Amino acid sequence: MADTIDSKNIVRTRFAPSPTGFLHVGGVRTNFYAWLLARRFGGKFVLRIEDTDRERFVPGAVQSILEDLQWLGIDIDEGPTAEELKRCDPTYTGSFNYGGPYGPYVQSQRIERYKEVAERLVEMGYAYRCDCTPEMLKKEREEQMARREPPGYSGYCRTRNVPADTKHVIRLKIPERESIYLDDAVKGRIVWDKISLRDTVLLKSDGFPTYHLAVVVDDHDMKISHVMRGEEWISTAPVHILLYRALGWKMPVFCHLPSVLGQDGKKLSKRHGATNISAFRREGYLPEALLNLLLLVGWNPGEGEEQEIFTREEMIRRFTIENINKAAAVFSYDKLKWMNGVYIRNMPQERFIKEAEAVCLDAGIQVDEHRLRDIAPYVQERIKLLTEVPDMVKFLFVEELERDYGTMFKKGLPPDMSLKVLRVSLEKLEGIEDFTVSRIEETLREVPQELDLKVGKAFVVIRIAVTGQKVTPPLFESIYALGRETAIKRLKEAIEEIESEHYRAKEG
RNA sequence: GGCCCCAUCGUCUAGCGGUCUAGGACACUGGCCUCUCACGCCAGAAACACGGGUUCGAGUCCCGUUGGGGUCACCA
């Protein structure tokens, strides 16, 4: 079935977005698989813009889709040139520029070709002109509904020989009685005893093709070997098969992928529950983690294999159509978050520092490179999203702290004991000559010991005094990163604040 | 409603007739580790939708039922 892949057949897959909205996880999964297949077999990954619907065209969509793709690291071998993109969307300002031997790679710039094919189909008798107005079609549909019949075009113009110079559409004649099948590479053989579709429009009255015509013509012209698309296309696949047959063209291998579902079990779509890919970036997800999870939503590495984290190279090397699942799957944010944490922990430290700096900057925190560097390893192993960095490290980079004494007194020690802890800590810290992590630890551990307190309780007090936070990287490392002067200053501040609070409470 | 697709723990999945008292991962619960939070480690709870066949034997093959999804546009 899927073994039409051999050395003679060059694998060419494509990503064919329509600029009617943003890119979401469902779309990414489909095209990531297509990309993996091309990479796996040393083939080509083609980008084609399917902008035949001028009414739903969204300016800026092309650019955002390409940027998201770039962020994900899904690279393109063939596609529109910069001029083609610019012509497609005047608002486009990006610098993407692909090109290739089968251009233009934008459908609105290929309409002559579709028209030519449509005319040929009419001449051969596979298609016909139809001048029924939208009003007529609507009325027909309503009458059918009233009679509880399935709605659909009656085929009124099939034999009317509508002249070419009137405003018309071109429809494909669908042989209702004929049985037809598709050997799908993931679903297996799909059989239609009779095609329950009505004569489908191929060329609209504005001269633009519908998806059905354009996709067949382009996939053929661009020598696409494997078509990966969502299973929502299965029901119209007979139209495409009929077209390939009428035109005498070789069919590509079809891979209809199961849907990606939201947490509610409903198909993810631009209209329903889907998040824009760029939102993942904003929320602190890594592209590698997102792709790794998506790989596993609908594909598995095979029998007995329990590996879940794959490098890009491993993904490419191991990807196979055979292991694609047939059933729809829910996209789990929980698992994505876990996986993102894994990727963050495995990240080279230098990259983590860069990412951390960027995300802090976004949060309005100007970092001190030195301090960040000291604390980074401890932050890296405790977060799941990059966006958790600012909250965890902000104590290092702000002047003023807002200390939550309520928590200090409740989870730590009552005011007078807290005060005692801080005074002793201050005194000891001031006495250290070599300000190292181990020295800090050694010294601070003496505090609860001398005062006969529980270690945890005492450290809650110190932690809040020094960082103003309940949750921080390890205490001694935090103090070290902060530096001796600042640490001492903060202890003094806390002591003063508690004293005044304390006395006020007594007076009151 | 017609047509089509699908069906293993809450979720992602392994399983391609016997080795399944159904394995892994996320999430969840308990414990250990521990200066907070994480990480890590150990343990636990948790699934073959149902009914018929086929077979010596069915999670695995066939049929039906149920359930979910998709699609029936001059949208993709």
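The sequence lines fix the lettering, A, B, ..., with proteins before strands; numbering per chain opens at 1. Predicted, not measured: the structure shown is a model, and the values here were computed from it.
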Starting at atom [atom1] of [X], determine the distance to atom [atom2] of [N], rounded to an integer number of angstrom.
| X | N | atom1 | atom2 | answer |
| --- | --- | --- | --- | --- |
| A:Ile241 | B:C4 | CD1 | C1' | 12 Å |
| A:Asp51 | B:C75 | CG | C1' | 13 Å |
| A:Leu296 | B:C26 | CG | P | 12 Å |
| A:Glu231 | B:C5 | CD | P | 10 Å |
| A:Lys335 | B:A25 | NZ | P | 9 Å |
| A:Lys267 | B:C4 | NZ | P | 20 Å |
| A:Phe57 | B:C74 | CZ | P | 22 Å |
| A:Glu388 | B:A38 | CD | C1' | 9 Å |

Rounded [atom1] spacing from [N] to [M] in Å:
| N | M | atom1 | value |
| --- | --- | --- | --- |
| B:A25 | B:G1 | P | 42 Å |
| B:A58 | B:A49 | P | 16 Å |
| B:G18 | B:A76 | C1' | 49 Å |
| B:A14 | B:C32 | C1' | 30 Å |
| B:G40 | B:U21 | P | 32 Å |
| B:U13 | B:C50 | C1' | 23 Å |
| B:G10 | B:C16 | P | 23 Å |
| B:C20 | B:G53 | P | 27 Å |

Looking only at the side chain of [X] (C-beta and beyond, no hydrogens), which of the listed nucleotides [options] gets closest?
| X | options | result |
| --- | --- | --- |
| A:Arg171 | B:C5, B:C74, B:G69 | B:C74 |
| A:Ile234 | B:A27, B:A76, B:C5 | B:C5 |
| A:Arg141 | B:A73, B:G24, B:C4 | B:A73 |
| A:Lys326 | B:C74, B:C26, B:C6 | B:C6 |
| A:Phe476 | B:A14, B:C35, B:C74 | B:C35 |
| A:Ser332 | B:C4, B:U11, B:U36 | B:U11 |
| A:Ala327 | B:A7, B:A25, B:C74 | B:A7 |
| A:Lys187 | B:C5, B:C74, B:U36 | B:C5 |
| A:Glu50 | B:C35, B:A76, B:G15 | B:A76 |
| A:Arg463 | B:C4, B:C35, B:U13 | B:C35 |

Need to verify one output field. Residue with the more 5' nearest nucleotide on RNA chain B, A:Ser235 or A:Arg56?
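The answer here is A:Ser235.
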
Exercise for review: Return the 5'-most residue of the pair A:Phe331, A:Glu477 with respect to RNA chain B, ranking by each residue's nearest nucleotide.
Suggested key: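 It is A:Phe331 whose nearest nucleotide is closer to the 5' end.
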
Under 4.0 angstrom, heavy atoms only, what part of the nucleic acid is [X] near: base, sugar-phosphate, or nothing?
| X | value |
| --- | --- |
| A:Lys384 | sugar-phosphate |
| A:Gly230 | nothing |
| A:Val460 | nothing |
| A:Pro258 | nothing |
| A:Val215 | nothing |
| A:Thr20 | nothing |
| A:Gly341 | nothing |
| A:Thr236 | nothing |
| A:Trp233 | base |
| A:Pro301 | nothing |

Ignoring hydrogens and angles, does a donor from either the side chain of [X] or the base of [N] sit under 3.5 Å from an acceptor on the other?
| X | N | answer |
| --- | --- | --- |
| A:Ser205 | B:C74 | yes |
| A:Arg345 | B:C39 | no |
| A:Arg382 | B:C39 | no |

Decide if the gap between the ring center of A:Trp233 and the ring center of A:Tyr211 is smaller than 6.0 angstrom.
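Close enough - the centres of the two rings lie under 6.0 Å apart.
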
May I ask you to evaluate whether [X] reaches the phosphate of [N], defined as a side-chain N or O under 4.0 Å from OP1 or OP2?
| X | N | answer |
| --- | --- | --- |
| A:Arg445 | B:C35 | yes |
| A:Lys167 | B:C74 | no |
| A:Lys204 | B:C75 | yes |
| A:Asn325 | B:A14 | yes |
| A:Ser196 | B:U71 | no |

Should the pair A:Arg54 and A:Phe208 be classed as cation-pi, given the thresholds of under 6.0 Å to the six-membered ring centre and 45° from the axis?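 Satisfied, under 6.0 Å and within 45°.
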
- Query: Taking the six-membered ring of A:Tyr378, is NZ or CZ of A:Arg382 closer than 6.0 Å to its centre and within 45° of its axis?
  - Reply: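 No; the conditions do not both hold, so A:Arg382 does not lie above the ring face of A:Tyr378.
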
Using a strict threshold of under 4.0 Å (side-chain N to carboxylate O), is an ion pair present between [Y] and [X]?
| X | Y | value |
| --- | --- | --- |
| A:Arg439 | A:Glu442 | yes |
| A:Lys138 | A:Glu135 | no |
| A:Asp53 | A:Arg56 | yes |
| A:Arg110 | A:Glu112 | no |
| A:Asp131 | A:Arg160 | yes |

Partner nucleotide, any strand, of [N] [Watson-Crick/G-U, under 3.5 Å]:
| N | result |
| --- | --- |
| B:A7 | B:U66 |
| B:G40 | B:C32 |
| B:U71 | B:G2 |
| B:A58 | none |

### Message
Is it the case that atom CD in A:Gln263 sees more than 12 heavy atoms from other parts of the structure closer than 6.0 Å?
### Response
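Atom CD in A:Gln263 is packed in, count exceeds 12.
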
Open item on the list: Please verify the inter-ring angle class for A:Tyr480 with A:Phe435; under 30° counts as parallel, over 60° as perpendicular, anything in between as tilted.
Closed with: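 Rings of A:Tyr480 and A:Phe435: parallel, under 30°.
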
